[in-house]
Amino acid sequence: MRIDGVLYPIVADLIKIMQDLGFKYQERIIWKKPEGYIRISRRSGVLIQHPYPLYFYPDNIYEDIVIFKKQGNFTPRNKEESKIDITKFQREKWYSNVWEITNVLPNNKLSKFTAPFPEDLARRIITLYSYVGDVVLGPFTGTGTTLKVAREMGRNAVGYEIDLKLKDVIKARIPVSTLFGEEKVEFLEREDAKRLSSNMRAKINEKLENKKVS
């Protein structure tokens, strides 16, 4: 992550923190976004304006998926129901530690709320690292991609989201009612919940207006 021009090794820090908490570091997978959807940005375009050494600032077209494992033994449930499709595993090259999956494009209606990751990415991870009936946690729920996919795949899911503005978006993707009432979908709202993105946007606009005045 780059903040104010300073690059921070988030993945390395995360691995160390998780190991200190007692988790075993198992794998690192690269999610590579297809280059056909990437354009030269202001960052990478610096070299075009200044075609000399030390002016190279590459665009980031990948994200890290870091896998950790809890200590102790694990007894899987619903083993046969959770069996992985080997044909798909081979055809889509799941066996590689570099996955090329198309990202959610800017024209997608969900992109106006957050920076969502594709359902195919969530589906692949849930397939490879959980069994039917397991609980999948989405600590940063966003628009509810993880919860939606987990529910479709027969997993239970719990998600947290601090931006109240996204509640209706999540509800639309994960309907509460079912035909026979067998599934339970529950939304709990904290008393101090806020519309975070709306509040942030209001503060940004306020700062911009103050700059105009000054």
Determine, step by step, whether Asn156 and Val136 satisfy the side chain to side chain contact (heavy atoms under 4.5 Å, CB included) criterion, reporting the C-alpha distance in whole Å, the side-chain angles of both residues, the deciding distance to 0.1 Å, and the verdict. CA-CA 6 Å; Asn156 298 304; Val136 175; over 6 Å; no
In this structure, would Val149 and Val158 fall into the same cluster of hydrophobic residues linked by side-chain contacts under 4.5 Å? no
Is the shortest side-chain heavy-atom distance between Arg151 and Leu147 below 4.5 Å? no
For residues 7-19, pull every pair meeting side-chain hydrogen bond (donor to acceptor under 3.5 Å, both in side chains), keeping only residues two or more places apart or in separate chains. Lys16-Asp20
Can you establish whether the number of heavy atoms outside Tyr52 located under 6.0 Å from its atom OH is more than 12? no
Roughly how far apart are Leu47 CG and Phe56 CZ, rounded to 0.5 Å? 7.5 Å
Does a side-chain heavy-atom distance below 4.5 Å link Glu100 with Lys93? no
So which atom in Ile170 and which in Gly144 form the shortest heavy-atom distance, rounded to 0.1 Å? CG1-N, 4.1 Å
Side-chain contact, heavy-atom cut-off 4.5 Å: Leu137 with Tyr160? yes
Which pair of non-hydrogen atoms, one from Val169 and one from Lys165, has the smallest distance, and what is that distance? CG2-O, 4.4 Å
Cluster link Tyr129 to Met18, ILVMFWY, side chain under 4.5 Å: no
Heavy-atom count check: over 12 atoms from other residues, nucleotides or ligands less than 6.0 Å from Phe140 CZ? no
When rounded to the nearest 0.5 angstrom, what distance separates OH in Tyr131 from NZ in Lys79? 6.0 Å
For Ile101 and Pro118 the tightest heavy-atom approach is CG2-CG, 3.9 Å
Between Val135, Ile126, Asn78, which is the residue that forms a side chain to side chain contact (heavy atoms under 4.5 Å, CB included) with Arg155? Ile126
Hey, is the main chain of Thr87 close enough, under 3.5 Å, to the side chain of Asp85 for a donor-acceptor pair? yes
Let me see the working for Asn103 and Phe117 under side chain to side chain contact (heavy atoms under 4.5 Å, CB included), right down to the final yes or no. CA-CA 6 Å; Asn103 50 306; Phe117 50 83; over 6 Å; no
Anything under 30° is parallel, anything over 60° is perpendicular, the rest tilted; go ahead and classify Phe23 against Phe68. perpendicular
If Ile, Leu, Val, Met, Phe, Trp and Tyr residues are connected whenever their side-chain heavy atoms lie under 4.5 Å apart, and connections chain through other members, are Ile17 and Val66 in the same group? yes
When rounded to the nearest 0.5 Å, the distance separating CD of Glu152 from CD1 of Ile174 is 9.0 Å
Main-chain N/O of Gly133 paired to Arg77 side chain as donor or acceptor, under 3.5 Å: yes
Do the side chains of Arg123 and Asp120 get close enough for a salt bridge, i.e. N-O under 4.0 angstrom? yes
Should we count CZ of Arg91 as having more than 12 external heavy atoms under 6.0 Å? yes
Are any of the side-chain nitrogens in Glu63 or Lys33 under 4.0 Å away from the carboxylate oxygens of its partner? yes
Heavy atoms of Ile84 and Trp94 approach each other most closely as CG2-CZ3, 4.4 Å
The criterion is salt bridge (Lys or Arg N to Asp or Glu O under 4.0 Å); which residues satisfy it with Glu189, sequence neighbours excluded? Lys167
Are any side-chain N or O atoms of Glu161 and backbone N or O atoms of Thr143, one a donor and one an acceptor, separated by less than 3.5 Å? no
Please answer whether the main-chain N or O of Pro58 pairs with a side-chain N or O of Arg43 as donor and acceptor at a distance below 3.5 Å. yes
Less than 4.0 angstrom from a charged side-chain N to a carboxylate O is my criterion; do Arg173 and Glu119 meet it? yes
Can you tell me how far CG of Asp64 sits from CD1 of Ile10, rounded to the nearest 0.5 angstrom? 10.5 Å
In this structure, are over 12 heavy atoms from other groups packed under 6.0 Å from Phe89 atom CZ? yes
Looking only at heavy atoms, the pair that brings Ala122 and Thr145 closest together is CB-CG2, 4.3 Å
Rounded distance (nearest 0.5 Å) linking atom CD1 of Ile125 with atom OG1 of Thr146: 8.0 Å
Under 6.0 Å from the CG atom of Leu7, do we count more than 12 heavy atoms belonging to anything else shown? yes
Atom OH of residue position Tyr25 - does it have more than 12 heavy atoms of other residues, nucleotides or ligands inside 6.0 Å? yes
CD1 on Ile61 to OG on Ser44, rounded to 0.5 Å: 10.5 Å
Could you state whether Ile29 and Tyr95 fall into the same hydrophobic cluster, counting links through intermediate Ile, Leu, Val, Met, Phe, Trp or Tyr residues with side-chain heavy atoms under 4.5 angstrom apart? yes
Closest heavy-atom pair and its distance - Val132, Ser82: N-OG, 2.8 Å
Taking Gly138's backbone N and O only, do any of them form a donor-acceptor pair with Thr141's side chain (distance below 3.5 Å, no angle check)? yes
Are Ile65 and Ile30 linked, directly or through other ILVMFWY residues, by side chains that come within less than 4.5 angstrom of each other? no
